[in-house]
Amino acid sequence: DGGITQSPKYLFRKEGQNVTLSCEQNLNHDAMYWYRQDPGQGLRLIYYSQIVNDFQKGDIAEGYSVSREKKESFPLTVTSAQKNPTAFYLCASRSQPGQSLNNAEAFFGQGTRLTVV
Amino acid sequence: DAKTTQPPSMDCAEGRAANLPCNHSTISGNEYVYWYRQIHSQGPQYIIHGLKNNETNEMASLIITEDRKSSTLILPHATLRDTAVYYCIVREGYGGSQGNLIFGKGTKLSVKP
């Protein structure tokens, strides 16, 4: 079945370590997104990519890095520079912006809950 | 910043219609209204979207006022499984950063037996 998969579901990290969250989609979507969600809050955009080998900073990119070497994959690295990394991270994808709006909805993964210990 | 305003919480009796309001008074002519919902600790799920006309699908109906400054999501027969946070988002249908989804805090809908 087509979908978007995030792994792992739960992740623990020691303070000062980098960690990479995986996001894979087989929906043939061009655009992919990373959001962060803190308790009781909405989603905040970290990074987005509209095409392979290109990505842009969102509202809260500091302390994060991404790559988009393949259409299917958009991994997020939480670096040691991120001061408060404990959060719920969500990845999303959708068909190319500008194409038919019938396919304009975004599909989300089930999230990765990162805890710094 | 989110361009929408929603009540933080609402209750609804099981089997009754749930009407979730959203204000988007600064919406521009080429921005669509999208609704997503998020069940606890899961990724958001797309529900419906519209531009000017009212829309209906198997999940819900979307009523947009004539001036487009507000809308209402209607779940016609709410069930306990509809308990979730509902997000109303306005977004252009074009490329670039304007096409990104900007989430506010949403409305927490509690469906009660």
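The chains referred to below are lettered A, B, ... by the order of the sequence lines, with proteins before strands, and numbering in each begins at 1.
Heavy-atom distances place no part of A:R44 under 4.5 Å from chain B, backbone and side chain included. Interface residue A:L90: only side-chain heavy atoms are found under 4.5 Å from chain B. Neither the backbone nor the side chain of A:Q56 comes within less than 4.5 Å of any heavy atom of chain B.
Contacts with chain A were tallied for B:Q45, B:Q42, B:K108; B:Q42 has the most, counting heavy-atom pairs under 4.5 Å. Ranked by heavy-atom pairs under 4.5 Å with chain B, the list A:Q6, A:Q41, A:K9 is led by A:Q41.
Using a 4.0 Å cut-off between a side-chain N of Lys or Arg and a carboxylate O of Asp or Glu, B:R37 and B:D82 qualify as a salt bridge. In summary, A:R68 and A:D54 do not engage in a salt bridge, as defined by a charged side-chain N under 4.0 Å from a carboxylate O. For B:E31 and B:R68, the salt-bridge test fails: no basic side-chain N is under 4.0 Å from an acidic carboxylate O.
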(request) Go through B:T4 and B:I89 one step at a time and tell me if the side-chain contact (heavy atoms from CB on, under 4.5 Å) criterion holds. (result) CA-CA 6 Å; B:T4 61; B:I89 301 163; 5.7 Å; no
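For the ring pair (Phe, Tyr, Trp, His ring centres under 6.0 Å) with B:Y87, the lone residue among B:W35, B:Y36, B:F103 that qualifies is B:F103.
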